[in-house]
Every structure is written in C-alpha cells, then in structure tokens.
Amino acid sequence: MSNVAIVYFSASGHTHLMAQAIAEGATKVPGVKVELLRIVEKQFVNGSWEDPEIIEKLNQADAIVFGSPTYMGGVAGQFKVFIDAPRDVWANQKWKNKLAGGFTHSSFPSGEKQGTLLYLAINAALNGMIWVSVGDLPSQLFEKDDGINRLGSFLGVMGQTEGACTAEPTLDPGDRLTAFRFGQRIAEIAQRWTKVN
Ligand SMILES: Cc1cc2nc3c(=O)[nH]c(=O)nc-3n(C[C@H](O)[C@H](O)[C@H](O)COP(=O)(O)O)c2cc1C
C-alpha cells in the first residue's frame with residue numbers, strides 16, 4: 001500500500017482540475033491511496049499558513065505532488081506561504097526520500113511556467129525528495145492528436161488555458177490526459193519504491 005498526496009493551490013479552478021486528473025490517474029493503480037489536499041484561504045491566519053491535518057497527511061505520504069498556478073513566472077503567493085510555513089519539515093528532513101512531482105497551469109502558451117516547475121523541483125531537493133519527471137513524449141512526435149504532453153514539458157505537468165484569469169475553469173483534454181498519466185506514473189513508481197524501503 002502506498003499513499004500519494006496532491007497538495008495544491010488554485011484560485012479559479014484550472015489547477016484544481018489538473019489535481020483531480022492526477023488523482024484519478026493515481027487511483028487507477030491498485031493498492032494506492034490518494035489524498036487531494038487543496039490550500040484554501042481559511043488556512044491563512046495573520047499572513048501565515050497553518051493546517052496540522054494537511055501537514056500530517058503529507059508526513060504520512062510516500063509521494064507528494066505539488067501544484068500551483070503560475071503567477072508572475074513562479075508559484076502563487078498563497079502556495080509560497082504554505083511551503084514556507086512548516087519549518088520543522090525541512091529542519092528535520094521529514095519528507096526525505098519521498099517521491100515528488102509538480103504541475104502548474106497558466107494562461108499564456110509559455111507564460112514562464114517553467115519557472116514554477118523549477119521552483120517546485122528546488123523545493124523537493126531542499127527537502128531531500130526524489131523528483132519524478134513527466135515521462136511522456138509529446139504526441140505530435142507520433143502524429144497523434146490526443147494532446148499528451150502537447151506543451152512539451154518534461155520536468156513537470158503543464159496546463160494552459162487562454163484567458164484563464166477570467167474564464168470558467170476548463171482544461172485542455174490533452175493536458176487532462178497528461179495529468180492523468182502522470183498520476184498513474186507516480187503512483188506506480190510509489191508502489192515500487194515502497195516495496196524496496
Ligand atoms: C497575479 C497573477 C499573475 C499571473 N501571472 C501569469 C504569468 O506569469 N504567466 C501566465 O501565463 N499567466 C499568469 N497568470 C494567469 C494564471 O496563471 C491563471 O489565472 C491561472 O493559471 C489560473 O489557475 P487557477 O484557475 O487554478 O487559479 C497570472 C494570474 C494572476 C492572478
């Protein structure tokens with residue numbers, strides 16, 4: 001049995017749809033328990049973030065997938081406040097040797113999404129975690145139109161919706177499939193990883 005936790009911030013719902021797709025993919029793997037943990041406003045008090053229940057679930061996880069919309073070429077402020085909050089996690093390396101992965105959503109085709117993924121990977125390294133890449137070549141290479149990794153991102157999963165600041169939350173079907181497949185991938189790796197540990 002392995003636990004995969006997906007912890008993310010989403011203001012208007014696009015990143016949430018990605019998180020759901022990752023969870024659906026991970027759930028398909030037998031013996032994997034999935035926790036979908038959304039960072040929400042009520043967890044912020046006096047400029048700080050606190051939710052011991054979420055931290056406990058992250059401490060119990062074998063794999064943590066981090067997600068944030070891209071704001072100004074990096075993670076959203078709310079996500080950064082969350083990640084900065086539990087200092088004893090870093091100081092005691094509580095997430096050491098857990099698997100990690102990342103995803104982001106933005107409105108422009110590039111939108112500097114890689115800055116967000118780089119930050120998520122750096123955060124994983126600071127915590128001694130083992131980064132899991134996307135693992136899917138873009139479908140265009142095979143002249144397929146299912147949209148798998150259509151944005152050609154290998155470090156983490158990207159989603160993009162034109163005008164995402166104002167639009168009703170939707171997700172490109174290819175981005176949804178990429179997220180779903182990443183959920184499956186990290187869950188399968190978690191199953192193998194927990195067997196040898
Ligand atoms: C403060 C702010 C900064 C943003 N910066 C970027 C950016 O650098 N690149 C980009 O493509 N989109 C940018 N956007 C658009 C967001 O990425 C988009 O609204 C987000 O992906 C929607 O995700 P959500 O529905 O999960 O909140 C920005 C939006 C806000 C509110």
Side-chain angles (χ1 to χ4, degrees), residues 4-27 34-51 54 57-58 61 63-85 100-124 132-134 136 138 140 147-186:
V4 175
I6 302 156
V7 63
Y8 64 100
F9 172 74
S10 177
S12 52
H14 301 81
T15 314
H16 172 67
L17 293 177
M18 292 184 78
Q20 278 183 324
I22 292 170
E24 280 166 27
T27 306
V34 181
E35 294 276 6
L36 208 48
L37 307 168
R38 187 169 180 169
I39 303 302
V40 293
E41 295 299 335
K42 69 169 189 215
Q43 298 155 359
F44 294 93
V45 183
N46 298 330
S48 188
W49 179 90
E50 204 182 307
D51 190 325
I54 288 186
K57 284 182 174 160
L58 295 176
I64 305 177
V65 188
F66 300 94
S68 169
T70 291
Y71 280 6
M72 304 309 287
V75 293
Q78 291 91 332
F79 184 88
K80 187 70 169 67
V81 172
F82 147 69
I83 214 70
D84 290 351
F103 61 103
T104 187
H105 180 279
S106 88
S107 56
F108 295 123
S110 158
E112 312 306 337
K113 284 187 278 300
Q114 197 173 33
T116 305
L117 295 177
L118 278 170
Y119 173 72
L120 296 178
I122 289 168
N123 170 64
V132 176
S133 62
V134 169
D136 267 324
Q140 300 93 301
I148 291 173
N149 200 4
R150 69 183 179 106
L151 299 171
S153 175
F154 298 92
L155 188 62
V157 183
M158 289 183 179
Q160 184 247 336
T161 308
E162 209 66 43
C165 290
T166 50
E168 276 291 297
T170 54
L171 195 56
D172 178 276
D175 298 344
R176 183 189 303 278
L177 189 52
T178 311
F180 177 92
R181 287 171 62 85
F182 179 73
Q184 258 181 329
R185 171 172 160 81
I186 198 162

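Numbers here are sequence positions counted from 1. These values consider heavy atoms only, across backbone and side chains, with no hydrogens, waters or symmetry-generated copies. All ligand and atom numbering here is 1-based and tracks the order in the structure.
Formation of a donor-acceptor pair under 3.5 Å by the D136 side chain with backbone atoms of N149 is not found in this model. Between the side chain of Q184 and the backbone N or O of A26, no donor-acceptor pair lies under 3.5 Å.
Scanning the protein heavy atoms around atom 13 (C) of ligand 1, the nearest turns out to be T70 O, 3.3 Å. Residue, atom and distance of the protein heavy atom nearest to atom 12 (N) of ligand 1 are S107 OG, 3.2 Å. The single protein non-hydrogen atom nearest to atom 9 (N) of ligand 1 is G111 O, 2.9 Å, given as residue, atom name and distance. Looking from atom 20 (C) of ligand 1 to the surrounding protein, the closest heavy atom is P69 CB, 3.7 Å.
Separation of atoms CD1 (I148) and CD (Q140) is listed at 10.5 Å; rounding is to 0.5 Å. Rounding to the nearest 0.5 Å places CZ of R181 at 13.5 Å from CD1 of I22.
Annotation for R185: atom CZ counts as buried by contact number, over 12 foreign heavy atoms lying within 6.0 Å.
Under a 4.0 angstrom heavy-atom cut-off, M72 registers as being in contact with ligand 1. For G73, the heavy-atom gap to ligand 1 drops under 4.0 angstrom.
Atoms of ligand 1 found under 4.0 Å from any heavy atom of T15 (numbered from 1 in listed order, with element): 23 (O), 24 (P), 26 (O). Residue contact check: S12 has heavy atoms under 4.0 Å from atoms 22 (C), 24 (P), 25 (O), 27 (O) of ligand 1. Against a heavy-atom cut-off of under 4.0 Å, A11 is close to the following atoms of ligand 1: 24 (P), 26 (O), 27 (O).
The heavy atom nearest to atom 11 (O) of ligand 1, out of those in A164, S106, G159, is found in S106.
With T104 as the fixed residue, the side-chain contact (heavy atoms from CB on, under 4.5 Å) test singles out one of L155, L120, L117: L117.
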Please report the C-alpha distance between K113 and T70 in whole Å, then the side-chain angles of each, then the deciding distance to 0.1 Å, and finally whether the side chain to side chain donor-acceptor pair (under 3.5 Å) criterion is met. CA-CA 6 Å; K113 284 187 278 300; T70 291; over 6 Å; no
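Residue H14 places at least one N or O, backbone or side chain, under 3.5 Å from an N or O of ligand 1.
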